[in-house]
Amino acid sequence: MSEQLELSPKKKLLLIDGNSVAFRAFFALHSQLDRFTNHDGLHTNAIYAFKTMLDHVIKAVHPDKALVAFDAGKTTFRTAKYSDYKGGRSKTPEELSEQMPYLRELLTGYGIKSYDLKDWEADDIIGTLAREGEAEDYQVIIVTGDRDLTQLTTDKTTVAITQKGVSEIEYYTPAHVQEKFGLTPTQIIDMKGLTGDTSDNYPGVTKVGEKTAIKLLTQFETVEGVYEHLDDIKQSKMKDHLIEDHDQAVMSKDLATIRTNAPLAVHLADIDYTGPDLDKLISFYKQMDFNNFLKQLQNAGLSLDLGDETPEQTLKDISCTELTAHNLDLLANFTDEVSFILEMPDENYHLSTFAGVVVTDGKQTLVSREIDLLQTAEFKALLENDQIKKNVFNAKAQYVGLNRLGVKLAGIDFDLLLVSYLLDTNDNSNDLGSLAQQHGYVEVETDEAVYGKGAKRGLPDDDTVFFNHLARKALAIQNLHDDLFKELATNEQTDLYRNIELPLTLVLADMEIAGVRVDTDQLIAMREKFKEQLATLQQTIYQEAGEEFNINSTKQLGVILFEKMKLPVIKKTKTGYSTSVDVLEQLASQVPIVENILAYRGLAKLQSTYIEGLLKVVHSRDQKVHTRYLQTLTQTGRLSSVDPNLQNIPIQTQQGREIRKAFVPSHEGWQIFSSDYSQVELRVLAHITGDANLQEAFREDEDIHAATARRIFGLTSNDEVTPLMRRQAKATNFGIVYGISDYGLSQNLGISRQEAKQFIETYFREYPDVKKYTEDVVTQAQKDGYVETITHRRRYLPDINAKSFNQRSFAARTAMNTPIQGSAADIIKIAMINMQKALKDAGLKATMLLQIHDELVFEAPLEEIPKLEQLVPSVMDSAVKLAIPLKVESAHGDSWYDAKG
DNA sequence: GTGTTCACG
DNA sequence: ACGTACGTGAACACG
């Protein structure tokens, strides 16, 4: 055994046992299995470790010829001879087998041929080629994880066995084999004949293990030798076993013998090693998300270009020009297409400072910290000219930021953030550097790497550092433009991007800029009222508890309720007692304190989240809140809203609903106007499933929950639908949309799982195409790895084939829900784009302010209300053409509270 | 930073 | 035998 490979001056032939090394590689990084997945959910640990091993071996060997042999399948000439050969083996883990095709791609990238041959094992391919190589006077190096291959060692052939860590390798020469096993290489075969092999599942001679075998072979050399000299062995149990198991020993030796005469279609002449195919390797690393390897490649390329190495610097300086008031004419060189960044260090672009600006066409890059330059005629001529295409990262932020500076950004073509999100909704990191790296462009760092994080975050004082980062970011956008547009086209998502998401981003920008006026006096009055009520409740609760404690602390509350007052524990959380509403409601009848706690909770929520929370984010300048819609966050295509979240303002309880009175028009004599889609998700369900019964209910404009109740409770047209029936039918309808489970429905309705199951079965019988859809969409997701909405919005579901029941079930429910929720999101997005245009075309002052998933909120002069009542629903219900009509309901009033039907 | 709770669709 | 309804954001407590 040796850690070092002894190299001769001969030419080198490298032969790798693909399956065996892949297996070792897989288990070397098995503990990291979850960390090694690419953006499509493919595990990559074995590929990664295999790659590491390859680098190691190639560096050590410098092969002239190389080949990786794979097993062709389960059946071989050995199984034909002995059907139990390798029987009883637990099958290869799915997480490994899914990597095998990609391993071959890796090898292609490395310029190494891979080969398998029907009915033969990789061992035999290697054995055959090794002998061919020896005949041509090559030094042969065989890499495997399987010690049996040491039988192939000769003075011309070294066998390298990978250890636990794949890059640790033991090299076996005949001398080392002798040293380690006390046998010659060919005697390894005889040993296997005598001992058998449990992992390959062949028997050998009973009770003969390694020690006995070595002793026998030292004396008699071969299996045949042992049997020829049976007489020399004195009477013993062992001798009986040898006689008894003669046939097995012969057969086992045969099975263990690696063939050197396999009928190969590949020969030495076909397997020259001339080094990697860089283009293939780069695209492969991108596919695998091997960013560090990409970086290595890129740096290797750089240092070659430079001729010398600059090891401490990972990225070289970008050549760029500092823009000043005196060289603004340089901007006129940009006539066709530019990548542009207005750098805003704070997340909230409505308030952020401006740190700098960069613009590039890939050839010339201009940078500056002087924000005022943006307001010059020269810069405006570039930015406001819609004939010059703009490539950006987060178009909405750029548009809003520039708008604050009085610049109207036009001609936006490529938004790296938005496109990345459409390609894979999981790519929502929001950082240009990390997104670019995920897409294989690594000559850019993350903002965190350059600016720091937390308290230490700050802009670099050094112009070189700052300008370089800006320049690299702009160049990243410029460079990814073509590739990502191609990917969009491949996914049939170009229309989704150009006709929906990109136009929408500007609609949203206008809505955010418009903002919503908040009546802070009203909120302050509510705050005082709530403050008193909370104080009173607090005192009552302290009295009932017999002590003072923090009611907001679930931990302290749990101690009071379940230890001090000894109330029954209904539900537990990971960390202790659950004190959630449904638990407290079950306890309410037993002690008055619970009712008060519930009241306190409700009030405290309104106070802290809505009253105080809202007051904190009202802009003092205009008394408005300017939310930010996150367009690249949700997995379904919905928007989300932050700072503040205007999509979860209370409505359900009267007390909470009062908050909406504070959302008022921004002009005297105006009103709030609101329209919402009625049952849009169930209508989408009816459309997508094509279910005739569901569609009929919508065509007849029935109360859908009542109609469902009639069906699942088998009522005739004369029977009355009781409120309970309707409630249960409604819950079932929702359950279907969410990807139903009997357990979930039973929890929601407070019924037994059996009963819930019955509801679902009846539902599926009444709406058979809905059932078919739920099955088909899961099958499709299993096949493709993703599901789609009506506009080809895509969501990948890597867990759809997971081993864990939970993960798999969750993915299956997601597969059912996402096309429904996502298509509903598509519809309202289209409506919003059409709406903005319709308002403009009609010359109305009305402004769209908010989107709450199925609802649009406007403010408008009172006199425009009749016009809106006609226009808004017509635009909304004609956004897309479905198999059934869409229905829209509208209302208006002096505040959002009053805009209710 | 994580977990719990609760607001919305 | 498992232990879930789908999608979000904000506040608070706690370590």
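Numbers restart at 1 for each chain; the letters A, B, ... are given by sequence-line order, proteins then strands. No experiment lies behind these values; they were computed from the predicted model shown.
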Requested in this report: Check the distance between B/dA7's C1' and A/Gln654's CD and give it to me in whole angstrom.
Outcome: 16 Å
Requested in this report: Among A/His626, A/Lys396, A/Arg628, find the residue that satisfies the side-chain hydrogen bond (donor to acceptor under 3.5 Å, both in side chains) test when tested with A/Glu512.
Outcome: A/Lys396
Query raised in the report: If you check the A/Thr609 side chain, which of C/dA10, B/dT5, C/dC12 turns out closest?
Result: C/dA10
Query - Ion pair check, A/Arg517 and A/Glu859, cut-off under 4.0 Å - result: no
Query raised in the report: So, is A/Ser553 near the phosphate of C/dC14, with a side-chain N or O under 4.0 Å from OP1 or OP2?
Result: yes
Report task. For the residue pair A/Thr708 and A/Asn733, confirm or rule out a side-chain donor-acceptor distance under 3.5 Å. Result -> yes
Query raised in the report: Between A/Lys661 and A/Glu658, is there a side-chain N and carboxylate O pair less than 4.0 Å apart?
Result: yes
Report summary line: From the candidates C/dG7, C/dC2, C/dA10, the one with an atom nearest any side-chain atom of A/Arg795 is C/dG7
Query raised in the report: Nearest-Å distance, CZ (A/Arg793) to C1' (C/dG7)?
Result: 13 Å
Query raised in the report: What does A/Ser741 touch in the nucleic acid at a heavy-atom separation under 4.0 angstrom: a base, only the sugar-phosphate, or nothing?
Result: base
Query raised in the report: Is the shortest distance from a Lys or Arg side-chain nitrogen in A/Lys771 or A/Glu775 to a carboxylate oxygen in the other one below 4.0 Å?
Result: yes
Query raised in the report: Checking all strands, does A/Val737 fall into the base, sugar-phosphate, or nothing category for heavy-atom contacts under 4.0 angstrom?
Result: nothing
Query raised in the report: Roughly how many Å is it from CZ in A/Phe734 to C1' in B/dC8, rounded to a whole number?
Result: 12 Å
Requested in this report: Tell me what A/Gly739 touches on the nucleic acid: a base, only sugar-phosphate, or nothing, going by heavy atoms under 4.0 Å.
Outcome: nothing
Report task. In whole angstrom, give the distance that lies between atom CD1 of A/Ile551 and atom P of B/dT4. Result -> 21 Å
Query raised in the report: Which parts of residues 813-830 of chain A get close to DNA chain C, meaning a heavy atom less than 4.0 angstrom away?
Result: A/Arg813, A/Thr814, A/Asn817, A/Gln821
Query raised in the report: So A/Tyr786 and A/Tyr796, would you call those rings parallel, tilted or perpendicular, with 30° and 60° as cut-offs?
Result: perpendicular
Query raised in the report: Hey, does A/Ile740 reach any base, or is it just sugar-phosphate, or nothing, if we go heavy atoms under 4.0 Å?
Result: base
Requested in this report: Kindly say whether the aromatic ring centers of A/Tyr773 and A/Phe764 come within a distance under 6.0 Å.
Outcome: no
Query raised in the report: Looking at residues 570-605 of chain A, who's got a heavy atom less than 4.0 Å off DNA chain C?
Result: A/Lys605
Query raised in the report: Base, sugar-phosphate, or nothing for A/Asn748, non-hydrogen atoms under 4.0 angstrom?
Result: base
Query - Nearest-angstrom distance from the residue atom CZ of A/Arg753 to P of C/dC2 - result: 11 Å
Query raised in the report: Which is true for A/Glu855 with a 4.0 Å heavy-atom rule: it touches a base, it touches only sugar-phosphate, or it touches nothing?
Result: nothing
Requested in this report: Return the stacking result for C/dT4 and A/Phe810: yes when the ring centres lie under 5.5 Å apart and the planes under 30°, no otherwise.
Outcome: no
**Report entry** Salt-bridge present (A/Arg638, A/Glu681; N to O < 4.0 Å)
**Finding:** yes
Requested in this report: Mind checking A/Ile651 for me? I need base, sugar-phosphate or nothing, with any heavy atom below 4.0 Å counting as a touch.
Outcome: sugar-phosphate
Requested in this report: Take the angle between the ring planes of A/Phe673 and A/His892 and call it parallel below 30°, perpendicular above 60°, tilted in between.
Outcome: parallel
Query raised in the report: So does A/Gln747 get a side-chain nitrogen or oxygen closer than 4.0 Å to the phosphate oxygens (OP1/OP2) of C/dT4?
Result: no
Query - Integer-rounded Å distance: C/dT8 C1' and A/Ile649 CD1 - result: 13 Å
Query raised in the report: Which part of the nucleic acid does A/Ala731 contact within heavy-atom distance under 4.0 Å: base, sugar-phosphate only, or nothing?
Result: base
Query raised in the report: Do any side-chain nitrogens or oxygens of A/Asn550 fall under 4.0 Å of OP1 or OP2 in C/dA13?
Result: yes
Query raised in the report: If the P atom of C/dG3 is compared with that of B/dT4, how far apart are they to the nearest Å?
Result: 15 Å
Query raised in the report: Has A/Tyr738 got its ring stacked on the base of C/dC6, with centres under 5.5 Å and planes less than 30° apart?
Result: yes
Query raised in the report: Is the Lys NZ or Arg CZ of A/Lys730 less than 6.0 Å from the centre of A/Phe734's six-membered ring, within 45° of the axis?
Result: no
**Report entry** Stepwise side-chain hydrogen bond (donor to acceptor under 3.5 Å, both in side chains) check, A/Gln758 with A/Gln754
**Finding:** CA-CA 6 Å; A/Gln758 195 55 52; A/Gln754 271 311 307; over 6 Å; no
Report task. Ignoring backbone atoms, establish whether A/Gln556 has a side-chain N or O less than 4.0 Å from OP1 or OP2 of C/dC14. Result -> yes
Requested in this report: May I ask you to check whether A/Tyr767 and A/Tyr763 place their ring centers less than 6.0 Å from one another?
Outcome: yes
Query raised in the report: Is any side-chain nitrogen or oxygen of A/Ser640 closer than 4.0 Å to OP1 or OP2 of C/dG9?
Result: yes
Query raised in the report: When the P atoms of B/dC6 and C/dA5 are considered, how many whole Å apart are they?
Result: 15 Å
Query raised in the report: Considering only C/dC2, C/dG7, B/dA7, which nucleotide approaches the side chain of A/Arg638 most closely?
Result: C/dG7
Requested in this report: Can you tell me the distance, in whole Å, between the CD atom of A/Glu612 and the P atom of C/dA11?
Outcome: 10 Å
Query raised in the report: Just checking A/Leu639: base, sugar-phosphate only, or nothing, at a heavy-atom cut-off of under 4.0 Å?
Result: nothing
Query raised in the report: At under 4.0 Å between heavy atoms, what does A/Glu681 touch on the DNA or RNA strands: base, sugar-phosphate, or nothing?
Result: nothing
Requested in this report: Quick one: look up who C/dC6 pairs with, Watson-Crick or G-U, both distances under 3.5 Å, and put none if it's unpaired.
Outcome: B/dG9
Query raised in the report: In whole angstrom, what separates A/Gln631's CD from C/dG7's P?
Result: 20 Å
